There are 2 protein chains.
Amino acid sequence: MAKITIKDIASYAKVSTATVSRVLATPDKVAPATRAIVEDAVKKLGYYPSIIAQGMHHKIKNIGVILNRNTEDSFFSPYLSEVLRGLVKSAKDLGYFIQILTCERDSEGCDELVSLYRSQRVDGYILLSSKVEDIFIQTLINAEIPFILHGNTDDNDEQQQIYTLDIDNVAAAQELVNYLINLGHRHIAMINSSTDYIYNQERLQGYKLALNNAGIVVNADFICETAENLDEFGREVKEFLLHQPQVTAVVCKSDISARQLIMVANSLGMHVPHDLSIVCFNETYAAKMAQPQLTTISIPIYQIGIELLKSMVAILNHQQLCQRQLFPYSVIIGNSCQMPVK
Amino acid sequence: MAKITIKDIASYAKVSTATVSRVLATPDKVAPATRAIVEDAVKKLGYYPSIIAQGMHHKIKNIGVILNRNTEDSFFSPYLSEVLRGLVKSAKDLGYFIQILTCERDSEGCDELVSLYRSQRVDGYILLSSKVEDIFIQTLINAEIPFILHGNTDDNDEQQQIYTLDIDNVAAAQELVNYLINLGHRHIAMINSSTDYIYNQERLQGYKLALNNAGIVVNADFICETAENLDEFGREVKEFLLHQPQVTAVVCKSDISARQLIMVANSLGMHVPHDLSIVCFNETYAAKMAQPQLTTISIPIYQIGIELLKSMVAILNHQQLCQRQLFPYSVIIGNSCQMPVK
DNA sequence: CTGTTAGCGCCTTCAA
DNA sequence: TTGAAGGCGCTAACAG
């Protein structure tokens, strides 16, 4: 059976195509009688207006979501999953669709972003992370493409016009470290991932700030920059623990890696929290599966997903919107910490 | 700056719009000289053909992915994340896009599926799970919408024309149970989720088959149907263990819930594998985070995602394709099992 | 309130 | 090898 078009409805209902169009878009501008006839025809013939053809006049209601990393070698972290869940939910509620995109942060990737937008595949972008001197951000700004960033930029002077949404990573890291300091720890390590990412940089900054404020000298050897891959992470962390026996406490980059860290520690005969106190970020199901229960920063990830999409839609509709949205976080006290024994 | 269209390129390059169109679609049907001129104009003006307008003549290259559950109340399981990862990767490679969809399995949800297809938002669907008397499947068949199912149907007579891709769940469950039987277990429980889902039904069937083959009577009390939600799951499983003390081994529905089960068991003073042997399905990072290491069915989830999309594209291109693709799985032996002690 | 007309941006005949 | 013309399905401006 051939595709039913507006013409079919028009001729079946014995009206013009314009009237059919009106019935669908602005029903109250059509006489109830004719409207009924048209609606009847629409149902009877099973007519669905082509979004493609409508797209020649309206926005297509697609929002591109740019993932942090390449999906080829990196799994979907629970964090990412949770953001996506919020995005999907919010998109559905607002009548939008999500296009998941995995572009490399190179010139080709930038071209892709521009191309997808200009060719009207997407109306705008949600960028899930930011790097130092981020070429994605520069590209989007230069091309005047609407977007919102989950994270921050490294340069606030030039980039006034962009919208961001995140928690206060600096403050969160500070709180974690202060908690450890108050327990009596002085040899506190930070297990981070690449400081190419702004949020990792912010957390590192918070870590250093807290130490400085407490009069503790920052020991560069205590800062461990690890891979994303869980297996590699395990190896690197093992090395680290072996080489830094003075460390009594660790700030870990995520609940999932904290969990891995506990396993590594156990394998070295260390027990948490007796031999090693651990605090971390995130409270996904990975945190729930950890024993002992983790002391962690709980981030409203799902809600962040919801709001990212809402804000993106607001931007597209030229609504007033706060440029820097800071979301609240909370500290969850588990039993992965205690006073230092050594 | 206004949108650059094919007309702008045509007038800039002093050719007709038809020629521009040809340069982009069938470059070899254009004289090298004019082609060069046009390509130059395209670059200089930054022209990106509108996918919307192209969509009036071609497919839109969007594939809808229908999630198992509503994203509102159910988190993205590691399994789902891993399938998505494969889908995203494969889509990128093949020049397709993914539309993640969350429809309720009711008449409204069915209407959505039909509408999205008929209005040309998607070219076809990937259905990530199947239920008994699945109205999604019926709807897609009736509306002659191309789709592929990750799973099986309950009725193979009527539904000849559909494409499926899965592992052999019956055989996998049998292998797990046989493994436990060979260790000496006789009181083997199954912690499943709703048998409304076909794959859960198949696994239950495999469980029963294995017991029957070994001459062990199936005890209905040993079959525990649990919720998806991790917290609820924990409560239900705790009840179950308390009420069925004879049970020495459990087949658990997933690695993530097996991990949860271990925690529940521990909280009851039971140790795995000493007091309880556990086998399960899936080997996501949840499995890697479990102690003791789980004996589990390793499913090539990422690869399944890749192939689902590939197959969908093949269907859309009317290529020859095997209707029932069975993927291999493997049994990973951990140390979550031992001979029964009681 | 409704029909006519024109046009969105692109592709695809059909001639030349 | 190229251009002119028509049309894809729909919406919007303008009459009536």
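Since the structure is predicted, the reported quantities are computational estimates derived from the model, not experimental observations. Because only heavy atoms are used, hydrogens play no part in the values below, and waters and symmetry mates are left out as well, while side chains stay in. Each chain gets a letter, A, B and so on, in the order its sequence line appears, and its residues count up from 1.
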For the residue pair B/Arg85 and B/Tyr302, would you count it as a cation-pi contact if the rule is NZ or CZ under 6.0 angstrom from the ring centre and within 45 degrees of the ring axis?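 Geometry flag: set, cation within 6.0 Å and 45°.
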Out of [options], which nucleotide sits closest to the side chain of [X]?
X       : options               : result
A/His57 : C/dC8, D/dG3, C/dT12  : C/dC8
B/Arg22 : D/dA12, C/dG9, D/dG3  : D/dG3
B/Ser21 : D/dC10, C/dC8, C/dC11 : C/dC11
B/Val30 : C/dG9, D/dT2, C/dT2   : D/dT2
B/His58 : D/dC8, C/dT12, C/dC8  : C/dT12
B/Thr5  : C/dG9, D/dC14, D/dG3  : C/dG9

For A/Arg121 and A/Glu112, what are the C-alpha separation, side-chain angles and deciding distance, and is it a salt bridge (charged side-chain N to carboxylate O under 4.0 Å, His left out)? CA-CA 11 Å; A/Arg121 174 74 72 172; A/Glu112 264 185 76; over 6 Å; no
Can you tell me if the side-chain N/O atoms of [X] get under 4.0 Å from OP1 or OP2 in [N]?
X       : N     : value
B/Thr34 : D/dT2 : yes
A/Ser50 : D/dG9 : no
A/Ser16 : C/dT4 : no
B/Lys3  : C/dC8 : no
A/Thr19 : C/dT2 : no
B/Lys7  : C/dC8 : yes

So, are B/Asp123 and B/Lys61 salt-bridged, with charged N and O less than 4.0 Å apart?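 Salt bridge between B/Asp123 and B/Lys61, a charged N being under 4.0 Å from a carboxylate O: no.
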Donor-acceptor pair, distance only, cut-off 3.5 Å: does the side chain of [X] make one with the backbone of [Y]?
X        : Y        : value
A/Asp93  : A/Ser90  : no
A/Ser119 : A/Ser115 : yes
B/Thr26  : B/Lys29  : no

What is the distance, rounded to the nearest whole Å, between atom [atom1] of [X] and atom [atom2] of [N]?
X       : N      : atom1 : atom2 : answer
B/Ile52 : D/dC10 : CD1   : P     : 14 Å
A/Lys59 : C/dC8  : NZ    : P     : 17 Å
B/Ile9  : D/dT2  : CD1   : P     : 17 Å
B/Asp28 : D/dT2  : CG    : P     : 12 Å
B/Ile6  : C/dT12 : CD1   : P     : 11 Å
B/Ile60 : C/dC11 : CD1   : C1'   : 14 Å
B/Met56 : D/dC10 : CE    : P     : 8 Å
A/Ile4  : D/dC10 : CD1   : C1'   : 16 Å

Answer with base, sugar-phosphate or nothing: what part of the nucleic acid does B/Val15 contact at a heavy-atom distance below 4.0 Å?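 B/Val15: backbone/sugar contact only, no base atoms under 4.0 Å.
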For A/Ala31, which contact category applies under a 4.0 Å heavy-atom criterion: base, sugar-phosphate, or nothing?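 Sugar-phosphate, no base atom in range.
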Donor-acceptor pair between B/Thr153 and B/Ser130 side chains, under 3.5 angstrom: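 The answer is no; no qualifying pair exists.
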For A/Gln325 and A/Ser311, which I'm curious about, is there any donor-acceptor pair between the side chains at under 3.5 Å?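 Yes - a donor-acceptor pair under 3.5 Å links their side chains.
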Heavy atom of residues 39-49 of chain A under 4.0 Å from DNA chain C: which residues?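 Heavy-atom contacts with DNA chain C come from no residue of residues 39-49 of chain A; none.
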With a 4.5 Å limit on heavy-atom distance, are the side chains of A/Leu165 and A/Glu307 in contact?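 A/Leu165 vs A/Glu307: side chains touch.
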Assign each of B/Ala18 and B/Gln120 to its nearest nucleotide of DNA chain D by heavy atoms, then name whichever residue's nucleotide is nearer the 5' end.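 The answer here is B/Ala18.
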For A/Lys14 and for B/Gln54, find the nucleotide of DNA chain C with the closest heavy atom, then tell me which residue's nucleotide is more 5'.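 Its nearest nucleotide being more 5', the pick is A/Lys14.
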